[in-house]
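In what follows, a structure is listed as structure tokens, so that the remarks can point back to it.
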Amino acid sequence: MNKPAIEGGTPVRSTKIHYSHQSIDEKDIQAVVDVLKSDFLTCGPAITEMEKKLCEVTGAKYAVACSNGTAALHIACMAAGIGPGDEVITTPITFAASANCALYCGATPVFADINPETYQIDPAEIEKKITDKTKAVIPVDYTGQVVEIAKIREICDKYGLILIEDAAHSIGTLYDGKPVGSFADMTELSFHAIKTITGGEGGAVVTSNEDLYKKLLLYRTHGITRDESLMAHGSEGPWYYEMVDLAPNYRITDMQAALISSQLDKLAEFKKRKQDICKKYDEAFGKLPQLFVQKEITESDTTRHLYILRIKPETLKIDRKQFFEALAAENIICNVNYIPVYYLQYYQQHGYKKGLCPNAEKLYDEMMSIPLYAGMSDQDVDDVIAAVTKLCEYYAK
């Protein structure tokens with residue numbers, strides 16, 4: 001069946017809707033324009049303001065803004081002292097950066113399987129993978145739902161491991177009433193174009209540990225500092241700086257920071273809109289026997305980044321790929337987030353094999369990300385539901 005669209009039928013929509021889209025208004029645009037007219041395009045006050053707002057949103061004492069989420073994960077690993085011979089446990093259902101950050105430091109990523117109902121890394125599977133080489137755990141708040149962070153914190157404390165929470169999806173999410181950013185040793189945030197809060201690109205690490213904060217500042221900017229307490233022989237004058245370690249340049253611009261700050265003012269609005277959309281999706285798709293609706297832990301008050309549509313292959317005449325293509329024929333453009341990291345060519349060439357995480361692999365075979373963003377209209381939401389329902393009924397066994 002090469003053309004799974006319903007033959008002779010009229011698509012639900014006449015125009016395409018994509019799985020995600022930024023929500024930018026005139027206030028956001030003006031914030032960027034104001035920076036362009038100012039004295040600072042980088043290393044300026046807009047970055048300080050952004051970091052202050054991130055502390056308010058996350059409950060962390062310190063925030064270090066940087067160029068993107070991958071950079072944030074990298075400097076978090078550097079600050080944690082991760083290096084050759086170390087192992088870092090993470091989930092395979094994530095973007096490659098969650099594991100690559102360990103490789104950048106010469107460490108080895110180790111993949112723990114997921115809970116098949118919540119799609120989050122399973123704390124019990126984390127504990128199974130711990131060895132005397134394990135240095136850190138990087139759980140990922142996949143789709144925006146927070147992981148079972150209390151259990152993972154307990155495991156890390158038990159074995160003396162660094163906890164770096166990958167919260168690229170979950171800014172604004174609460175766990176037991178406390179914001180993401182309040183629990184881990186370091187928490188990474190992402191402001192990529194399709195995230196809830198965007199700067200086009202951009203990232204940050206938040207922490208309440210002052211020693212880690214100082215390291216993050218250093219590793220964001222070449223390992224260069226003007227802090228005399230870190231210099232071997234003191235300053236030679238007000239112009240003087242020293243490079244005390246080797247690190248990348250992961251600075252962010254003031255234009256990006258201004259956009260992120262403006263967006264942060266709308267976080268509560270974005271969260272509510274996404275929650276309303278997800279509620280409608282859950283109610284509609286929960287009635288269809290061909291679909292499985294992602295479960296949420298009761299502790300998570302989620303700001304959802306992705307909505308995962310998961311088919312039950314045994315109930316349909318078509319597979320995931322065909323369902324994906326059929327939705328495209330209805331002008332509902334989806335994505336798949338994510339290919340298990342160890343499926344990727346680089347990882348396969350370095351000894352990783354399929355079969356490591358059966359739950360994650362089964363999820364990958366059955367899932368797709370359907371449209372979810374704050375700017376969706378009620379009609380957009382109704383169209384997505386209508387298209388999915390139409391296909392489930394037409395292709396039902």
Side-chain angles (χ1 to χ4, degrees), residues 51 54-66 69-82 86-91 94-95 97-99 101-102 105 107 109-110 112 114 118 120-123 125-127 129-130 134-191 195 203-217 219-220 297 299-303 305:
E51 290 172 336
L54 288 177
C55 289
E56 293 170 355
V57 166
T58 63
K61 290 182 179 179
Y62 310 104
V64 177
C66 55
T70 302
L73 285 167
H74 187 191
I75 63 173
C77 286
M78 293 176 72
I82 293 168
D86 293 332
E87 293 178 349
V88 176
I89 299 172
T90 191
T91 173
T94 184
F95 186 63
S98 308
C101 58
C105 295
V110 174
I114 62 168
T118 66
Q120 309 294 342
I121 192 169
D122 187 335
E125 293 298 314
I126 291 174
E127 193 158 19
K129 296 297 178 83
I130 293 172
T134 307
K135 184 69 173 282
V137 178
I138 304 180
V140 178
D141 295 338
Y142 178 60
T143 71
Q145 178 184 184
V146 71
V147 294
E148 294 181 78
I149 194 70
K151 290 182 180 179
I152 297 173
R153 174 81 271 178
E154 184 178 335
I155 291 169
C156 288
D157 290 345
K158 177 181 177 181
Y159 293 95
L161 306 176
I162 296 287
L163 176 55
I164 302 171
E165 185 177 3
D166 183 337
H169 290 187
S170 60
I171 189 167
T173 292
L174 305 179
Y175 179 91
D176 265 347
K178 294 182 180 180
V180 163
S182 302
F183 302 95
D185 296 301
M186 291 175 278
T187 302
E188 171 264 346
L189 303 168
S190 171
F191 307 108
K195 295 300 196 299
V205 184
V206 298
T207 183
S208 292
N209 183 306
E210 186 176 6
D211 290 337
L212 290 174
Y213 170 61
K214 291 179 178 178
K215 291 178 181 178
L216 291 165
L217 288 175
Y219 295 140
R220 172 178 65 181
I297 58 174
E299 297 90 343
S300 186
D301 177 12
T302 302
T303 305
H305 167 53

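Throughout, numbering of the chain's residues begins at 1 and tracks the sequence.
Atom CD1 of Ile138 is separated from atom CE of Met186 by 9.0 Å, given to the nearest 0.5 angstrom. Atom CD1 in Ile130 sits 7.0 Å away from atom SG in Cys156 (nearest 0.5 Å). Note that the CD1 atom of Ile89 and the CD atom of Glu125 stand 10.5 Å from one another [nearest 0.5 Å]. Interatomic distance, CD of Gln120 versus CD1 of Ile149, reported as 10.5 Å (0.5 Å rounding). Taken to the nearest 0.5 Å, the OG1 atom of Thr90 stands 11.5 Å off from the NZ atom of Lys129. To the nearest 0.5 Å, the span separating CD1 on Ile75 from SG on Cys101 amounts to 11.5 Å.
No donor-acceptor pair closer than 3.5 Å links the side chain of Thr58 to the backbone N or O of Gly181. Judged purely by atom type and a 3.5 angstrom limit, Ser208 has no side-chain atom pairing as donor or acceptor with the backbone of Ala60. Between the side chain of Lys61 and the backbone N or O of Glu210, no donor-acceptor pair lies under 3.5 Å. Thr70 places no side-chain N or O within donor-acceptor distance of the main-chain N or O of Ala97, the cut-off being under 3.5 Å. No donor-acceptor pair closer than 3.5 Å links the side chain of Glu188 to the backbone N or O of Ile164. At least one donor-acceptor pair closer than 3.5 Å links the side chain of Ser182 to the backbone N or O of Pro179.
The local environment of NZ in Lys178 is sparse, with at most 12 non-hydrogen atoms from other residues, nucleotides or ligands closer than 6.0 Å. By the 6.0 Å contact criterion, OH on Tyr62 is enclosed, its count of non-hydrogen atoms from other residues, nucleotides or ligands being greater than 12. Heavy-atom neighbours of Glu154 CD from other residues, nucleotides or ligands within 6.0 Å: at or below the threshold of 12.
A heavy-atom distance below 4.5 Å is not found between the side chains of Thr134 and Val110. In this structure, Tyr219 and His74 have side chains that are not in contact, with every pair of non-hydrogen atoms separated by 4.5 Å or more. In this structure, Phe183 and Ile152 have side chains that are not in contact, with every pair of non-hydrogen atoms separated by 4.5 Å or more. Contact check for Leu163 versus Pro139: side-chain heavy atoms found under the 4.5 Å cut-off. The shortest distance between side-chain heavy atoms of Thr303 and Val180 does not fall below 4.5 Å. The shortest side-chain heavy-atom distance between Tyr142 and Thr94 does not fall under the 4.5 Å cut-off. His305 has its side chain within reach of Lys195: a pair of non-hydrogen atoms, C-beta onward, lies under 4.5 Å apart. Here the side chains of Asp185 and Asn209 are not in contact, with every heavy-atom distance at 4.5 Å or above.
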### Message
Leu54 vs Phe191, test: side chain to side chain contact (heavy atoms under 4.5 Å, CB included). Steps then yes/no.
### Response
CA-CA 12 Å; Leu54 288 177; Phe191 307 108; 3.8 Å; yes

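The two residues Leu189 and Ala167 make their nearest non-hydrogen contact at CD2-O, 3.8 Å. The heavy-atom pair separating Ala204 from Ala72 by the smallest distance is O-CB, 3.5 Å. Closest approach of Pro109 and Ala102 over heavy atoms only: CG-CB, 4.3 Å. Scanning both residues, Ser300 and Gln145, for their nearest heavy atoms gives OG-CG, 3.6 Å.
Under the rule for a salt bridge (charged side-chain N to carboxylate O under 4.0 Å, His left out), Glu87 has no partner lying at least two apart in sequence or in another chain. Remark: Asp157 engages Arg153 in a salt bridge (charged side-chain N to carboxylate O under 4.0 Å, His left out) (not counting sequence neighbours).
Residue pairs satisfying the side-chain hydrogen bond (donor to acceptor under 3.5 Å, both in side chains) criterion with at least one member in residues 162-177, sequence neighbours excluded, are listed as follows: Ser98-Asp166, Asp141-Ser170, His169-Tyr338.
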